[in-house]
Amino acid sequence: MLTQDRLWSEAVILEGGKNRVLRVQSTRDAFLCLKNHWPIADGDAKRDAFAACERVIEGNDEPDIARSAFIKAAEEAKFSVHSWTG
């Protein structure tokens with residue numbers, strides 16, 4: 001599945017409870033973060049972000065599509081999201 005990593009134009013920094021900070025800078029990072037470190041089990045934006053990551057990793061979409069979907073999932077999960085461009 002994770003055959004290629006696709007870097008984003010800009011990293012996304014997530015802040016959660018208990019001084020938890022995650023730096024996500026690629027589609028592979030996002031996929032693994034959603035899979036292993038996500039505070040909610042399910043949600044529309046999380047499902048959309050998983051699907052976007054899979055399309056990008058398979059070479060069927062651009063990395064910033066996954067980045068945008070990941071930011072929406074992070075907002076859904078109540079992370080504080082930081083980046084220069086949003």
* **Residues that E76 engages under side-chain hydrogen bond (donor to acceptor under 3.5 Å, both in side chains), provided they are two or more places apart** => none
* Check side-chain hydrogen bond (donor to acceptor under 3.5 Å, both in side chains) between E62 and all other residues, then give those that pass, not counting sequence neighbours. => none
Test side-chain contact (heavy atoms from CB on, under 4.5 Å) applied to [X] - qualifying residues, sequence neighbours left out:
X: K78; value: none
X: D64; value: W8, S9, R67
X: A74; value: L14, W38, F79, V81
X: A51; value: R55

* With a 4.5 Å heavy-atom cut-off, do H82 and E15 have their side chains touching? -> yes
* Is Q25 close to E10 at the side-chain level, that is, under 4.5 Å between some pair of heavy atoms? -> no
* Using salt bridge (Lys or Arg N to Asp or Glu O under 4.0 Å) as the criterion, list what pairs up with R47, not counting sequence neighbours. => D42, D44
* To do: State whether the side chain of K72 and the backbone N or O of A49 hold a donor-acceptor pair below 3.5 Å, judged by distance alone.
  => no
* Asked: Tracing side-chain links under 4.5 Å among I, L, V, M, F, W and Y, which residues wind up in one group with I13?
  -> V21
* Asked: Can you name the nearest heavy-atom pair linking P63 to L7, along with the distance?
  -> CB-O, 3.4 Å
* Approximate separation, where rounding is to 0.5 Å, of E54 CD and T27 OG1 -> 11.5 Å
* **In one Ile/Leu/Val/Met/Phe/Trp/Tyr side-chain cluster, 4.5 Å: L22, F70** => yes
* Look at the side-chain heavy atoms of Ile, Leu, Val, Met, Phe, Trp and Tyr, link any pair under 4.5 Å apart, and say whether L32 and I65 land in one connected group. => no
